[in-house]
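A note on names: the letters A, B, ... follow the listed sequences, proteins ahead of strands, and every chain is numbered from 1. Only a predicted model underlies this, so the values are computations on that prediction, with no experimental measurement involved.
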There are 2 protein chains.
Amino acid sequence: MNTFEYLLEHNIKPSVQRMAIMGYLDSHRTHPTADEIFNALSPTIPTLSKTTIYNTLKLFVQQGVAQSISIDEKNEHFDANTAVHAHFLCRKCNKIYDAFIKSKKLPGETELKEEGHKIDEAYIYYRGLCRECMEKELNKQNN
Amino acid sequence: MNTFEYLLEHNIKPSVQRMAIMGYLDSHRTHPTADEIFNALSPTIPTLSKTTIYNTLKLFVQQGVAQSISIDEKNEHFDANTAVHAHFLCRKCNKIYDAFIKSKKLPGETELKEEGHKIDEAYIYYRGLCRECMEKELNKQNN
DNA sequence: ATTAATATTTGTAATGAATACAAATTTAGA
DNA sequence: TCTAAATTTGTATTCATTACAAATATTAAT
Ligand SMILES: [Mn+2]
Ligand SMILES: [Mn+2]
Ligand SMILES: [Zn+2]
Ligand SMILES: [Zn+2]
């Protein structure tokens, strides 16, 4: 799937900036923040403005080519994967890990629907200590 | 369960301010923000400071007598119910509804544990249109 | 009861991510 | 080419949250 066509199919005019931001999001599945995207792209597009990053990401979310991840209190993160999937934030290294979902029924979903609410978005967030960080802590102790 | 004992059991010294904030959280299960709590309590405790609200809520979360709900991008919400349960935010009226969870296994949890991560917190968020708001919209059309 | 040490609260200043806004630039159409 | 619309940019602003230090309250020691 090429970025140009993908944006067009979602009614987003593929400008240089939009292509670059979508390209970055698609090739870096690390759930970057607006700031991280700006720092990554600004060397190659020196005129790039942070406002454009914010505007574009908002547009991407509206048009359904990205989702906003609010697992981190401090910063909004973004994900080119728009499918419903779980996220795990390591409180030590701040990395965000993906976890895919097997069952179709999400917890509490049926109850909410039975009460007559209409669900448009679903998010599953976990926080804790990732394997990598846990191993680092163990190595410290065994030295 | 009385508030005084409850705070003590969780190693929180029950000051007037802390009692009031815990009392409010416990009796208003509407997932209030720091600002809402301040506006509600400041008439009865005129010297109350907003900083105290923030400090106290942070302490409550640390000591496990409240949880922080980050379903709303704009404001942090708080909940005296510390059990893992789902939340539904209506994007029209901004009310946050509870939904209780039947199954013990949360989506993606097993996968994350198998990868060696240690999960400490779990959050399930939904967004959409609540029944009340949907009915209001229907009434508008049929007039 | 005084005093001193500690804990808590308060008010104000600072932070910083996100937004508002208007000017500048680019793109598309006549 | 000329014009209008769309997009981008830079700067100013917002506002929830935090930092900090002074003020007050609580507890412990003398
Ligand atoms: Mn993801
Ligand atoms: Mn709740
Ligand atoms: Zn980690
Ligand atoms: Zn509603």
### Message
Taking the minimum atom-to-atom distance to the side chain of A:Arg18, which one of C:dA18, D:dT7, C:dA7 wins?
### Response
D:dT7

Determine the contact category for [X]: base if any of its heavy atoms lies under 4.0 Å from a base atom, sugar-phosphate if only primed atoms, P, OP1 or OP2 are that close, otherwise nothing.
{"X": "A:Lys13", "answer": "sugar-phosphate"}
{"X": "A:Thr51", "answer": "base"}
{"X": "B:Thr47", "answer": "sugar-phosphate"}
{"X": "A:Ser15", "answer": "sugar-phosphate"}

Under 4.0 angstrom between [X] side-chain N/O and [N] OP1 or OP2:
{"X": "B:Lys58", "N": "D:dT18", "value": "yes"}
{"X": "B:Thr52", "N": "C:dT10", "value": "yes"}
{"X": "A:Tyr54", "N": "C:dT19", "value": "no"}

Taking atom [atom2] of [N] as reference, at what distance in whole Å does atom [atom1] of [X] sit?
{"X": "A:Asp35", "N": "C:dG16", "atom1": "CG", "atom2": "C1'", "answer": "10 Å"}
{"X": "A:Lys74", "N": "D:dT17", "atom1": "NZ", "atom2": "P", "answer": "9 Å"}
{"X": "B:Phe78", "N": "D:dA16", "atom1": "CZ", "atom2": "P", "answer": "13 Å"}
{"X": "A:Leu59", "N": "C:dA18", "atom1": "CG", "atom2": "C1'", "answer": "17 Å"}
{"X": "A:Phe38", "N": "C:dA17", "atom1": "CZ", "atom2": "P", "answer": "13 Å"}
{"X": "B:Gln17", "N": "C:dT10", "atom1": "CD", "atom2": "P", "answer": "4 Å"}
{"X": "A:Leu48", "N": "D:dT8", "atom1": "CG", "atom2": "P", "answer": "9 Å"}
{"X": "B:Glu76", "N": "D:dA16", "atom1": "CD", "atom2": "P", "answer": "13 Å"}

### Message
I need the minimum non-hydrogen distance between B:Ala40 and B:Thr44, along with the two atoms involved.
### Response
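B:Ala40 and B:Thr44 have their closest heavy atoms at O-OG1, 4.4 Å.
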
### Closest heavy-atom pair and its distance - A:Pro14, A:Phe4
CG-CE1, 3.5 Å

### Summary
Between B:Lys50 and A:Ile12, the residue closer to the 5' end of DNA chain D by nearest nucleotide is A:Ile12

### Task
Take the angle between the ring planes of A:His87 and A:His31 and call it parallel below 30°, perpendicular above 60°, tilted in between.
perpendicular

### Task
Specify the residue among A:Ala34 and A:Asn55 whose closest nucleotide of DNA chain C lies further upstream toward the 5′ end.
A:Ala34

### Query
Is the backbone N or O of B:Ser70 less than 3.5 Å from a side-chain atom of A:Glu73, with the two atoms forming a donor-acceptor pair by type?
no

### Message
Is there a path of hydrophobic side-chain contacts, each under 4.5 Å between heavy atoms, that joins B:Ile12 and B:Ile45?
### Response
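Per the 4.5 Å side-chain linkage, B:Ile12 and B:Ile45 are co-clustered.
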
